[in-house]
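Side chains are part of it too, since the values below use all heavy atoms of this structure and drop only hydrogens, waters and symmetry mates. This structure is a prediction, so every number in the text was calculated from the model and none was measured.
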Amino acid sequence: MTRRGRRPGSPDTRGAIVTAAHRLFMERGYLETSMRAVAREAGVDPALIHHYFGSKTQLFFDAMGFDMDTDAMAAFILAGGPSQIGRRLVTFLISVYEGDIGQQILSTLVSGVEVARLYMVAVSRRLEEVAEQILPGHSTIRREYVAQIESIMAGLVLLRYVARLEHAASLSPRRVIVLYGGLVQQVIDTGIARAKGYHPGSAASR
């Protein structure tokens with residue numbers, strides 16, 4: 001899930017896009033950098049960026065040198081339906097941070113605050129896109145529950161892979177998936193139930 005094949009195309013064109021994207025992401029930030037702006041900076045047609053990278057999140061990960069297929073990640077997480085998203089999300093997280101790509105990401109993040117912030121914003125946006133598939137049309141509810149899920153995931157990464165605290169680090173990957181996947185799933189189930197009962201001004205909407 002973390003390795004991605006390269007779409008065919010000119011290495012020079014692809015390299016120009018990656019270089020331009022890296023510069024703009026670092027200068028403007030993730031949210032303020034558009035794919036059209038990257039195309040203009042690289043001197044290419046915007047359609048080429050969509051062809052090579054598919055999404056802005058994938059462009060960011062490639063520009064930062066993270067060899068991760070975020071489109072496959074989203075497809076994997078959603079494949080089992082809402083009742084399995086918690087465990088699938090944590091399964092993907094474990095597959096990343098237990099491998100070489102996870103160490104590469106951690107090394108990059110601790111090397112600079114700005115890159116770490118950009119990475120977290122990009123991941124947050126990808127989670128938001130996944131959440132939009134589950135809770136369409138409920139932006140306020142969606143943002144609240146994505147924030148909770150982000151906190152659970154960030155806590156897991158910090159305790160297990162950065163600080164390597166005993167209780168978190170000693171858990172087997174299977175137990176991490178069961179325990180943390182269960183926490184994430186509770187958040188998802190609560191958000192879905194709240195959205196189903198949502199009526200502006202009602203108690204359930206608050």
Side-chain angles (χ1 to χ4, degrees), residues 1-2 4 17-42 46 49-50 52-78 85-86 88-97 99 101-136 138-163 180 183-184 187-188 191:
M1 288 182 291
T2 58
R4 65 190 303 266
I17 294 171
V18 166
T19 299
H22 185 277
R23 181 164 56 251
L24 290 181
F25 281 128
M26 293 301 295
E27 290 177 356
R28 303 182 183 181
Y30 180 82
L31 297 178
E32 290 74 21
T33 299
S34 67
M35 295 178 78
R36 186 171 294 278
V38 172
R40 187 164 52 249
E41 181 80 6
I49 300 184
H50 288 279
Y52 288 145
F53 303 95
S55 66
K56 178 179 171 179
T57 310
Q58 191 60 57
L59 173 61
F60 171 81
F61 272 73
D62 281 15
M64 294 298 156
F66 300 140
D67 190 12
M68 185 189 303
D69 190 337
T70 62
D71 295 331
M73 174 200 78
F76 171 78
I77 292 170
L78 290 166
I85 288 176
R88 282 177 171 264
L89 179 57
V90 177
T91 295
F92 185 87
L93 190 72
I94 288 293
S95 76
V96 170
Y97 285 99
I101 183 63
Q103 296 307 308
Q104 176 203 3
I105 291 174
L106 290 174
S107 297
T108 303
L109 297 186
V110 299
S111 67
V113 174
E114 184 58 27
V115 174
R117 188 186 70 81
L118 286 171
Y119 172 81
M120 287 186 285
V121 172
V123 171
S124 175
R125 181 56 196 146
R126 197 46 149 172
L127 283 175
E128 176 77 12
E129 291 168 356
V130 171
E132 286 173 0
Q133 302 297 311
I134 309 167
L135 295 172
H138 294 281
S139 59
T140 300
I141 294 175
R142 189 169 61 240
R143 283 194 297 268
E144 291 178 0
Y145 288 98
V146 167
Q148 286 185 267
I149 293 171
E150 288 171 344
S151 297
I152 294 170
M153 293 173 61
L156 170 59
V157 172
L158 176 62
L159 296 178
R160 182 177 176 87
Y161 300 108
V162 179
Y180 283 85
L183 287 175
V184 173
V187 174
I188 293 168

Check your understanding: Are Arg160 and Ile94 close enough, and set up right, to give a side chain to side chain contact (heavy atoms under 4.5 Å, CB included), and what steps lead you there?
Key -> CA-CA 10 Å; Arg160 182 177 176 87; Ile94 288 293; 4.3 Å; yes
**Study point:** Closest non-hydrogen atom pair between Asp71 and Gln58, with its separation
**Key:** N-OE1, 3.9 Å
Check your understanding: Where is the tightest heavy-atom contact between Ala39 and Ile49, given as atom of each residue plus distance?
Key -> N-CD1, 3.4 Å
Check your understanding: Which value, rounded to the nearest 0.5 Å, describes the distance between Thr70 atom OG1 and Phe92 atom CZ?
Key -> 8.0 Å
Point to revise | Results of salt bridge (charged side-chain N to carboxylate O under 4.0 Å, His left out) for Arg88 - residues two or more places apart only | key: none
Exercise for review: Go through the steps to decide whether Tyr145 and Ile188 satisfy the test side chain to side chain contact (heavy atoms under 4.5 Å, CB included), and finish with yes or no.
Suggested key: CA-CA 7 Å; Tyr145 288 98; Ile188 293 168; over 6 Å; no
Revision key, fill the gap. Ile105 and Phe66 have their tightest heavy-atom pair at CG1-CD2, 3.7 Å
Exercise for review: Compare all side-chain heavy atoms of Ile101 with those of Gln104 and state whether any distance is below 4.5 angstrom.
Suggested key: yes
Check your understanding: Taking only residues at least two apart or on different chains, which pairs with a member in residues 144-154 satisfy salt bridge (charged side-chain N to carboxylate O under 4.0 Å, His left out)?
Key -> Glu144-Arg194
Practice item. Could you check if a side-chain atom of Phe76 sits within less than 4.5 angstrom of a side-chain atom of Thr91, using non-hydrogen atoms only? Key: yes
Please list every donor-acceptor pair under 3.5 Å in which a side-chain atom of residues 24-33 meets a protein atom from a residue at least two apart or in another chain.
from: Tyr30; atom 1: OH; to: Thr57; atom 2: N; distance (Å): 3.4
from: Tyr30; atom 1: OH; to: Thr57; atom 2: OG1; distance (Å): 3.0
from: Thr33; atom 1: OG1; to: Leu24; atom 2: O; distance (Å): 3.1
from: Thr33; atom 1: OG1; to: Gly29; atom 2: O; distance (Å): 2.7

Practice item. Can you see which heavy atom on Val130 is nearest to which on Leu78, and at what distance? Key: CG1-CD2, 3.8 Å
Exercise for review: Apply side-chain contact (heavy atoms from CB on, under 4.5 Å) to Ser34 and list each qualifying residue two or more places apart in sequence or on a separate chain.
Suggested key: Arg36, Ala37
Practice item. Return the set of residues passing salt bridge (charged side-chain N to carboxylate O under 4.0 Å, His left out) with Arg117 (not counting sequence neighbours), or none when no residue passes. Key: Glu114
Revision key, fill the gap. Note: Met153 and Leu127 closest approach over all heavy atoms is SD-CD1, 3.9 Å
Point to revise | Test ring-ring contact (aromatic ring centres under 6.0 Å, His included) applied to Tyr97 - qualifying residues, sequence neighbours left out | key: Tyr161
Check your understanding: If you measure from OG on Ser55 to CE on Met35, what distance do you get to the nearest 0.5 Å?
Key -> 6.5 Å
Check your understanding: Can you tell if the side chain of Met73 reaches within under 4.5 Å of the side chain of Val96, non-hydrogen atoms only?
Key -> no
Study note, to complete from the structure: Heavy-atom nearest pair, Ala21 first then Ala63, reads CB-CB, 3.9 Å
**Study point:** CZ on Arg142 to CD1 on Ile149, rounded to 0.5 Å
**Key:** 12.0 Å
Check your understanding: Under 4.5 Å between any side-chain heavy atoms of Asp69 and Phe61, yes or no?
Key -> no
Review point. Within a strict 4.5 Å, meaning less than it, do heavy atoms of the Ile152 and Val90 side chains meet?
Key: no
Review point. So, the side chain of Ser107 versus the backbone of Gln103: is there a donor-acceptor pair under 3.5 Å, distance only?
Key: yes
Point to revise | Pairwise side-chain contact, Phe53 with Ile17, heavy-atom cut-off 4.5 Å (strictly under) | key: yes
